[in-house]
Student: 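Got a structure for you, written out below as structure tokens; questions coming shortly.
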Amino acid sequence: MQRIILHIDLDSFYASLEELRHENIRGKAVVICVYSGRSEDSGAVSTANYKARELGIKSGMPISLAKRLAKDKDVAFLPNDIEYYRTVSDRIMEILEEETDIMQQVSIDESYLDVTKKSNENWNNAKKIAEIIKKKIKEQEGLTCSVGIGHNKLVAKMASKHKKPDGLTIIKDTEIKKFFENLPASKIHGVGGKTTKVLDELGIKTAKDLADFDVNILEEKFGRNKAKLLLDKARGIDDSPVEQKERQQISRLGTLKEDTDDVVTIFEKIKELATDMKKKIEKEKVSFRTISLITIDTALKTQTRSETIQVTNDLDSVLPIVKSLLERFLEENSEKKLRRVGIRASNFIYKKEQKTLGDF
DNA sequence: CGACGTGTAAC
DNA sequence: CCTTTTACACGTCG
């Protein structure tokens with residue numbers, strides 16, 4: 001059966017929220033930052049609004065670089081306030097839930113809605129639902145969003161990206177070919193830098209080039225599964241359902257004040273991160289079986305060490321294990337210093353379906 | 001197959 | 001000089 005899927009993307013969400021609550025920056029270029037705290041401007045850009053993007057400022061870039069680009073210009077730099085953004089996000093997700101029976105929130109500012117039923121399998125009705133959603137979000141929160149509509153999540157996502165901000169794009173199956181014809185392969189959702197480089201070497205520039213390419217060569221370069229996935233994506237094929245998935249892991253990362261290989265200093269940071277993560281674990285009511293140490297060295301290389309244990313929901317009780325993982329890592333990498341550390345709990349067992357002792 | 005570690009990608 | 005959090009695929013090992 002043909003589904004109808006909506007993808008909703010809130011426009012430069014963090015920056016828009018800050019503009020709404022600080023009239024003095026309204027209409028300006030706004031850059032939301034994650035400061036790492038190791039020096040005045042160390043950290044990265046989380047969100048740049050459209051005015052800031054015109055200056056070449058993009059999410060992910062170092063704050064120091066963004067400030068250079070903003071030199072002599074009127075640009076507002078603000079620290080991010082995730083807690084506040086989450087509160088508003090939750091309210092918006094409730095609006096979306098009113099308009100569909102199947103929703104999948106994929107991030108703080110993005111959701112997929114399966115409106116097959118609600119639209120009676122009719123594109124026009126789906127478009128009306130999208131318009132209602134845009135209107136409600138504008139009226140209730142003062143925000144704009146971009147909406148994409150397609151027969152699957154991939155196409156809906158690509159559609160929402162097509163016109164931003166405040167866009168509404170429908171890509172019917174008959175239009176997929178045309179839409180993908182001249183689309184650079186790198187713009188396909190899920191095709192990042194590494195994949196693009198390999199595609200480039202194969203002479204593949206557009207989604208159409210990819211869709212028409214020899215499967216065997218793709219399999220050689222990417223392996224069977226990824227080759228199939230890439231071909232499907234280039235053809236606008238995606239059968240994955242809209243479904244809210246249970247969380248698989250909870251992690252916390254932090255940046256150390258200085259690069260160090262001192263166990264005590266690093267473990268202090270880990271304890272700090274654990275306090276915050278403990279709250280999250282309690283809120284989500286999860287128990288876990290695997291605990292990991294995440295390290296990022298001065299060369300920004302990420303490594304992990306993990307241990308699987310008896311199921312627990314008590315993070316404090318596994319901190320000694322994290323400490324031993326850290327000691328092991330430092331022994332095995334005595335030449336390295338760490339820039340950042342993190343911890344991760346995974347291999348979840350959810351409370352509602354948690355087995356009691358009697359079940360074993 | 002489960003555990004472990006790495007890489008890629010997106011936000 | 002470079003943040004945070006999550007998902008998922010894949011290779012390897014026992």
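Per chain, numbering begins at 1; letters A, B, ... match sequence-line order.
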Student: Report which part of the nucleic acid A:Thr304 touches: base, sugar-phosphate, or nothing (heavy-atom distance under 4.0 Å, all strands).
Tutor: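 Base, at least one base atom sits under 4.0 Å.
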
Student: Under 4.0 Å from any atom of DNA chain B, heavy atoms only: list the residues of residues 191-205 of chain A that qualify, in numerical order.
Tutor: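 A:Val191, A:Gly192, A:Gly193, A:Lys194, A:Thr195 - these, ordered by number, are the residues of the stretch whose heavy atoms sit under 4.0 Å from the strand.
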
Student: Using a 4.0 Å heavy-atom cut-off, does A:Asn347 contact any base of the nucleic acid, only the sugar-phosphate backbone, or nothing at all?
Tutor: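 If one applies the 4.0 Å heavy-atom cut-off, A:Asn347 turns out to touch the sugar-phosphate alone, with no base involved.
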
Student: Testing the basics here: between A:Tyr85 and A:Asn80, what is the closest heavy-atom pair and its distance to 0.1 Å?
Tutor: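 Smallest interatomic distance, heavy atoms only, reads OH-CA, 3.6 Å.
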
Student: Taking only distance into account, with no hydrogens and no angle test, what donor-acceptor pairs under 3.5 Å do side-chain atoms of residues 147-166 of chain A form with protein atoms, sequence neighbours excluded?
Tutor:
from, atom 1, to, atom 2, distance (Å)
A:His151, ND1, A:Arg3, O, 2.4
A:Asn152, OD1, A:Leu154, N, 3.1
A:Asn152, OD1, A:Val155, N, 2.8
A:Asn152, ND2, A:Gly236, O, 2.9
A:Lys153, NZ, A:Gln104, OE1, 2.7
A:Lys153, NZ, A:Pro241, O, 3.1
A:Lys157, NZ, A:Glu110, OE1, 2.9
A:Ser160, OG, A:His7, ND1, 2.7
A:Ser160, OG, A:Lys157, O, 3.0
A:Lys164, NZ, A:Asp9, OD2, 3.0
A:Asp166, OD1, A:Lys134, NZ, 3.1

Student: Under 4.0 Å, heavy atoms only, any strand: does A:Arg86 hit a base, just the sugar-phosphate, or nothing?
Tutor: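 A:Arg86: no heavy atom of the nucleic acid under 4.0 Å.
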
Student: What nitrogen or oxygen pairs link the protein and nucleotides 11-14 of chain C at under 3.5 Å?
Tutor:
none

Student: Return yes if a side-chain donor-acceptor contact under 3.5 Å exists between A:Ser240 and A:Asp238, otherwise no.
Tutor: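 The answer is yes; a qualifying pair exists.
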
Student: How would you label the contact of A:Asp41 with the nucleic acid (heavy atoms, under 4.0 Å): base, sugar-phosphate, or nothing?
Tutor: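 Sugar-phosphate: the residue A:Asp41, judged by heavy atoms under 4.0 Å, touches backbone atoms but no base.
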
Student: Between C:dT5 atom P and A:Lys280 atom NZ, what is the distance in whole Å?
Tutor: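 In whole Å, C:dT5 P and A:Lys280 NZ are 10 Å from each other.
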
Student: At a heavy-atom distance below 4.0 Å, what parts of residues 153-165 of chain A sit against DNA chain C?
Tutor: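 Going residue by residue through residues 153-165 of chain A, none turns out to have a heavy atom under 4.0 Å of DNA chain C.
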
Student: For DNA chain B, find the residues of residues 103-111 of chain A with a heavy-atom distance under 4.0 Å and give them by number; none if there aren't any.
Tutor: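 Nucleic-acid contacts, sorted: A:Ser107, A:Asp109, A:Glu110.
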
Student: Using heavy-atom distances to pick each residue's nearest nucleotide on DNA chain B, tell me which of A:Arg289 and A:Thr302 is more 5'.
Tutor: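 On the 5' side of the pair lies A:Arg289.
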
Student: To the nearest angstrom, how far is A:Ile294 atom CD1 from C:dT5 atom P?
Tutor: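 So the CD1-P distance, A:Ile294 to C:dT5, works out to 9 Å.
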
Student: Hydrophobic clusters join Ile, Leu, Val, Met, Phe, Trp and Tyr when side-chain heavy atoms are under 4.5 Å apart, directly or via other members; which others share one with A:Leu300?
Tutor: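 Members alongside A:Leu300: A:Leu253, A:Ile294, A:Ile296.
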
Student: Answer yes or no for A:Lys323 and A:Phe267: cation-pi contact, defined as NZ/CZ to six-membered ring centre under 6.0 Å and angle to ring axis within 45°.
Tutor: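 Yes, cation above the ring, under 6.0 Å and within 45°.
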
Student: Tell me if a side-chain donor or acceptor on A:Arg340 pairs with a main-chain N or O of A:Asp297 at a distance below 3.5 Å.
Tutor: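 No; judged by distance alone, with no hydrogens or angles, the pair does not exist.
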
Student: Could you list who else is in A:Met1's hydrophobic cluster, with ILVMFWY side chains joined at under 4.5 Å, directly or through other members?
Tutor: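 Once heavy-atom contacts under 4.5 Å are chained together, A:Met1 still belongs with nothing else.
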
Student: Are the side chain of A:Thr116 and the backbone N or O of A:Glu121 linked by a donor-acceptor pair below 3.5 Å?
Tutor: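 No; judged by distance alone, with no hydrogens or angles, the pair does not exist.
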
Student: Any chance you could pull the hydrophobic cluster mates of A:Phe77, using side-chain heavy atoms under 4.5 angstrom and chaining through other members?
Tutor: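 Reading the cluster by chain and number, A:Phe77 sits alongside A:Val31, A:Tyr35, A:Val45, A:Leu55, A:Ile57, A:Met61, A:Ile63, A:Leu65, A:Leu69, A:Val75.
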
Student: Just by distance, do the side chain of A:Thr87 and the backbone of A:Glu83 share a donor-acceptor pair under 3.5 Å?
Tutor: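 Yes; judged by distance alone, with no hydrogens or angles, the pair exists.
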
Student: Quick one, A:Leu199 and A:Val191 - any side-chain contact, counting heavy atoms below 4.5 Å?
Tutor: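 Yes, close enough: below the 4.5 Å cut-off.
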
Student: Pairs under 3.5 angstrom, nitrogen or oxygen only, protein versus nucleotides 7-9 of chain C, please.
Tutor:
from, atom 1, to, atom 2, distance (Å)
C:dA7, OP1, A:Gln248, N, 3.3
C:dA7, OP2, A:Gln248, N, 3.3
C:dA7, OP2, A:Gln249, N, 3.2
C:dC8, OP1, A:Lys245, NZ, 3.2

Student: Any base atoms under 4.0 Å from A:Arg224, or only sugar-phosphate, or nothing? Heavy atoms, all strands.
Tutor: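 The residue A:Arg224 makes no contact with any strand.
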
Student: Both A:Asp276 and A:Pro62 contact DNA chain C. Which one's nearest nucleotide lies toward the 5' end?
Tutor: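 Whichever sits nearer the 5' end wins; that is A:Pro62.
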
Student: Over how many whole Å does the gap from A:Met61 atom CE to C:dT3 atom C1' extend?
Tutor: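 One finds 14 Å between C1' of C:dT3 and CE of A:Met61, rounded.
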
Student: Between A:Ser89 (side chain only) and A:Ile108 (backbone N and O only), is there a donor and an acceptor less than 3.5 Å apart?
Tutor: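 Side chain of A:Ser89 to backbone of A:Ile108, a donor-acceptor pair under 3.5 Å: yes, one is there.
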
Student: Are any of A:Ser46's side-chain N or O atoms less than 4.0 Å away from OP1 or OP2 of C:dT3?
Tutor: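 No, A:Ser46 has no side-chain N/O under 4.0 Å of OP1/OP2 on C:dT3.
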
Student: Measure the distance from CD1 on A:Ile296 to P on C:dT3 and round it to the nearest whole Å.
Tutor: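 Answer to the nearest Å: 8 Å.
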
Student: Quick one: which residue pairs count as a ring pair (Phe, Tyr, Trp, His ring centres under 6.0 Å) with a foot in residues 269-316 of chain A, not counting sequence neighbours?
Tutor: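 Ring pair (Phe, Tyr, Trp, His ring centres under 6.0 Å) check on residues 269-316 of chain A returns no pairs.
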
Student: A:Ser36 has a side chain; which of C:dT6, C:dC2, C:dT3 sits nearest to it?
Tutor: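 Taking heavy atoms from C-beta onward, the closest nucleotide is C:dT3.
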
Student: Which two nucleotides bound the region of DNA chain B that has atoms under 4.0 Å from heavy atoms of chain A, read 5' to 3'?
Tutor: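 For DNA chain B, the relevant span reads B:dA3 to B:dC11.
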
Student: Is the number of heavy atoms from other residues, nucleotides or ligands under 6.0 Å of A:Glu258 CD greater than 12?
Tutor: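 It does not: A:Glu258 CD has 12 such atoms or fewer within range.
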
Student: Mind calculating the distance between CG (A:Leu338) and P (C:dT3) to the nearest angstrom?
Tutor: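 It works out to 14 Å between those atoms.
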
Student: How would you label the contact of A:Ser59 with the nucleic acid (heavy atoms, under 4.0 Å): base, sugar-phosphate, or nothing?
Tutor: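 Nothing: the residue A:Ser59, judged by heavy atoms under 4.0 Å, touches no strand.
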
Student: Go through the structure and list residues passing side-chain hydrogen bond (donor to acceptor under 3.5 Å, both in side chains) with A:Lys205, not counting sequence neighbours.
Tutor: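 So A:Lys205 forms a side-chain hydrogen bond (donor to acceptor under 3.5 Å, both in side chains) with A:Asp200.
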
Student: Which part of the nucleic acid, if any, lies within reach of A:Ser42 when heavy atoms closer than 4.0 Å are counted: base, sugar-phosphate only, or nothing?
Tutor: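 Sugar-phosphate only.
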
Student: Closer than 4.0 Å, any side-chain N/O of A:Arg339 to the OP1 or OP2 of C:dT3?
Tutor: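 Looking at the OP1 and OP2 atoms of C:dT3, one of them is under 4.0 Å from a side-chain N or O of A:Arg339.
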
Student: Please indicate whether A:Glu98 has more than 12 foreign heavy atoms, meaning atoms of other residues, nucleotides or ligands, lying under 6.0 Å from its CD.
Tutor: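 Yes, because the 6.0 Å sphere around CD of A:Glu98 holds more than 12 heavy atoms from other groups.
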
Student: If we ignore hydrogens and angles and just use 3.5 Å, is the side chain of A:Thr100 paired with the main-chain N or O of A:Asp114 as donor and acceptor?
Tutor: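 Yes.
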
Student: If I take atom CG in residue A:Asp81 and atom C1' in nucleotide C:dT4, what distance separates them, rounded to the nearest angstrom?
Tutor: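 Rounded to the whole Å, the gap is 15 Å.
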
Student: Can you tell me the distance, in whole Å, between the CD atom of A:Glu284 and the P atom of C:dT5?
Tutor: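 My rounded result for the distance is 13 Å.
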
Student: For a side chain to side chain contact (heavy atoms under 4.5 Å, CB included) check, start with the C-alpha distance between A:Thr290 and A:Ile309, then their side-chain angles and the critical distance, and finish with the verdict.
Tutor: CA-CA 6 Å; A:Thr290 303; A:Ile309 49 165; over 6 Å; no

Student: To the nearest angstrom, how far is A:Arg340 atom CZ from C:dC1 atom C1'?
Tutor: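 One finds 13 Å between C1' of C:dC1 and CZ of A:Arg340, rounded.
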
Student: For a quick test of reading the model, state the closest non-hydrogen atom pair linking A:Val115 to A:Ala126 and the distance between them.
Tutor: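 In terms of heavy atoms, the two residues are closest at CG2-CB, 4.1 Å.
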
Student: Evaluate whether atom NZ of A:Lys228 has more than 12 neighbouring non-hydrogen atoms of other residues, nucleotides or ligands under 6.0 angstrom away.
Tutor: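 Count not over threshold, so no.
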
